[in-house]
Amino acid sequence: MTPLDRRSFLAASAASVPLLSSIASAQDQGRAKPQAAQSFRPMLIGSGNSIPAVTKAMELMRSGSDPLDSIVAGINIVEDDPNDQSVGYGGLPNEDGVVELDASVLHGPSHKAGSVAALQNIKNPSSVALQVLRRTDHVMLVGEGALKFAKALGFKEENLLTEKSREAWLRWKANLNPGDDWLNADQQIKPGDFNRKQSRAKQLGIPYTTGTIHCSAVDTLGNMSACTSTSGLSWKLAGRVGDSPIIGAGMFCDNEVGSAGATGRGEAVIQSCGAFQVVQHMGNGVEPTEACLRVLQWIADHTKQSFLLDEEGRPNFGVTFYALRKDGAYGSATMRVQKDRPNSERFAVHDGMQARLENCTALFST
Ligand code: GLY
């Protein structure tokens, strides 16, 4: 991390003055009496594509809605948007041209989780995950079982492959091999192949995404919740499950501590139990942005395959973490930003007043 990166994250942390600390310091000075019930600042954070989601969720939380219901309703807006090719309807398909969606939710107060993976034909996997939480004694349903469950509850089956995503899939198929997910023998030894896969796709005008939507929330009662939803890695092998539906990887929440989520290369986030680690760090007193940076560094230290490393031995893929502490302090950090594009990785914040994008702190600048 460059000195500039660290300075900007310290400034961001300072800007997120927790309501509880100000109450506590006023009490220390004898200027305020404890309130009958603790009051928390309602806060929402999310991935850069979650502005519509955090806006809707804050509106619902203000009207008294549960934080998990609120973020799922917000995320539904982005899942329904055909222009976001990383989530829900219009998401980029797997290598067979089939859209398979993953999502998970965790309700802080009850510490119950729900999750679906490789779900086809239902555009709101986050809502199905919420029903797994509410209506079953299970945590995770996958594939056909998840679809059967969703249909039983009245979710409408529909074709999720938009013309735009189908065209992109056909272009990808026509250029197969350097961009698929089957490892070639020489990929074990050639550095930079992951990068090449993405840059080749870019040159050919083929979208390539590990994009996802994540939101974390805390309401005025201090109740927290988390939700992550995705169409996953584009052109993935059929049945591939990413980090988003894995509790502790793509999202995690501990109602007494905080909530976290991830976007980016799911394989790296699963292998690091990413969101769980972020929350654990916060529980140990680490500031939210620093907690995200520590897990990114952990991933960097544990990435061994040469085709996932750049010339300097650093991960050549993207991962971004988002962290919200119970007292409203928040942060986000990303694996890398280009030096000439320091604002390229951003995350969404809603502090009860307005929704805005803030820059993620970068572990590496390239
Ligand atoms: N983070 C999304 C995925 O890898 O599926």
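In this text the structure is predicted, and so the values were computed from the model without any measurement. FYI, side chains are in, hydrogens and waters are out, and symmetry mates aren't considered; it's all heavy atoms of this structure.
Within 6.0 Å of CZ on R135 lie no more than 12 heavy atoms contributed by other residues, nucleotides or ligands.
Here the closest heavy-atom approach between residue G108 and residue C253 is recorded as CA-SG, 4.0 Å. The nearest pair of heavy atoms linking H281 to A291 is CB-CB, 3.7 Å. A pairwise comparison of heavy atoms in P288 and G331 identifies CB-N, 3.6 Å as the closest pair. Nearest approach of D219 to F40, heavy atoms of both residues: O-CB, 3.4 Å. Closest non-hydrogen pair, T136 versus F149, comes out as CG2-CE1, 3.5 Å. The two residues A249 and V269 have their closest heavy-atom pair at O-CG1, 3.3 Å.
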Only pairs under 3.5 Å count here: list side-chain donor-acceptor contacts from residues 114-121, not counting sequence neighbours, and write none if there are none.
unit_1	atom_1	unit_2	atom_2	d
S115	OG	P245	O	2.7
Q120	NE2	E100	OE2	3.0
N121	ND2	E157	OE2	2.8

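Not a single donor-acceptor pair under 3.5 Å links the side chain of K326 to the backbone N or O of D254. In this structure, N255 contributes its side chain and S110 its backbone to no donor-acceptor pair below 3.5 Å. A donor-acceptor pair is defined here as one N or O able to donate and one able to accept, closer than 3.5 Å; no such pair exists between the side chain of R265 and the backbone of L233. No donor-acceptor pair closer than 3.5 Å links the side chain of W235 to the backbone N or O of P93. The main-chain N or O of T212 is found under 3.5 Å from a side-chain atom of N49 such that the two form a donor-acceptor pair. S332 contributes no side-chain N or O that, together with a main-chain N or O of N359, makes up a donor-acceptor pair within less than 3.5 Å. Using a distance-only test at 3.5 Å, with no hydrogens or angles considered, a donor-acceptor pair links the side chain of S50 to the main chain of S47. Remark: the backbone N or O of D66 is paired with a side-chain donor or acceptor of S70 at under 3.5 angstrom. Put simply, the side chain of D102 gets close to the backbone of G242: a donor and an acceptor are under 3.5 Å apart. Using a distance-only test at 3.5 Å, with no hydrogens or angles considered, a donor-acceptor pair links the side chain of S231 to the main chain of S86.
Annotation: side chain of I247 is not in contact with side chain of M140 (no heavy-atom distance under 4.5 Å). Put simply, the side chain of V54 reaches to within 4.5 Å of the side chain of C215, judged on heavy atoms. Using a 4.5 Å heavy-atom threshold, the side chains of P125 and E79 count as touching. Using a 4.5 Å heavy-atom threshold, the side chains of L106 and H111 count as touching. The closest side-chain heavy-atom distance from H350 to E59 is not below 4.5 Å. Between D310 and R336 the shortest side-chain heavy-atom distance falls below 4.5 Å. Contact annotation: the side chain of V278 never approaches that of F252 to less than 4.5 Å [non-hydrogen atoms, C-beta and beyond]. Between F347 and T263, every side-chain heavy-atom pair lies at or beyond the 4.5 Å cut-off.
Note that CG of D243 and OG1 of T230 are 7.5 Å apart. Values are rounded to the nearest 0.5 Å. For the atom pair CD (Q297) and CE (M335), the distance works out to 8.5 Å, reported to the nearest 0.5 Å. Distance NZ/K112 to CG/L68: 11.5 Å, rounded to 0.5 Å. Distance check, rounded to the nearest 0.5 Å: CD of E345 to CD of Q338 gives 9.5 Å. To the nearest 0.5 Å, atom CG of residue D81 and atom NZ of residue K123 are 10.5 Å apart. Between the CZ atom in R314 and the CG atom in L363 there is a gap of 9.0 Å [rounded to 0.5 Å].
Side-chain contact, N124 with S126: no donor N or O sits under 3.5 Å from an acceptor N or O. A donor-acceptor pair shorter than 3.5 Å cannot be found between the side chains of T228 and S244. Under 3.5 Å, the side chains of N284 and Q280 contain no donor-acceptor pair of N or O atoms. For the residue pair H214 and S216, a side-chain donor N or O sits within less than 3.5 Å of a side-chain acceptor on the partner.
The cluster map of Ile, Leu, Val, Met, Phe, Trp and Tyr, joined by side-chain heavy atoms under 4.5 Å apart, puts V99 and L92 in different clusters. Hydrophobic clustering of Ile, Leu, Val, Met, Phe, Trp and Tyr side chains at less than 4.5 Å, counting indirect connections, unites Y322 with Y330. Follow the hydrophobic side-chain contacts under 4.5 Å out from V142 and you reach V241 in the same cluster. One hydrophobic cluster, built from ILVMFWY side chains closer than 4.5 Å, cannot hold both V128 and L130; they sit in different ones. Note on V218: it does not cluster hydrophobically with M58, by side-chain heavy-atom contacts below 4.5 Å among ILVMFWY residues.
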Would you check, one step at a time, whether the test salt bridge (charged side-chain N to carboxylate O under 4.0 Å, His left out) holds for E167 with K164? CA-CA 5 Å; E167 287 291 342; K164 187 172 158 194; over 6 Å; no
Can you list the steps and then say if E267 with R240 is a salt bridge (charged side-chain N to carboxylate O under 4.0 Å, His left out)? CA-CA 10 Å; E267 283 71 10; R240 177 265 189 188; 2.9 Å; yes
Given side chain to side chain contact (heavy atoms under 4.5 Å, CB included), test R294 with W298 step by step and report yes or no. CA-CA 6 Å; R294 286 193 189 181; W298 194 97; over 6 Å; no
Verdict with supporting geometry, H302 and S272, side chain to side chain contact (heavy atoms under 4.5 Å, CB included): CA-CA 8 Å; H302 289 78; S272 60; over 6 Å; no
Worked check of side chain to side chain contact (heavy atoms under 4.5 Å, CB included) between F364 and E312: CA-CA 11 Å; F364 301 120; E312 293 172 51; over 6 Å; no
For M61 and L44: C-alpha separation, side-chain torsions, deciding distance, then whether side chain to side chain contact (heavy atoms under 4.5 Å, CB included) applies. CA-CA 10 Å; M61 286 201 326; L44 287 149; 4.1 Å; yes
Quick one: do E144 and K148 satisfy salt bridge (charged side-chain N to carboxylate O under 4.0 Å, His left out)? Show the steps, please. CA-CA 6 Å; E144 281 180 20; K148 189 174 154 198; over 6 Å; no
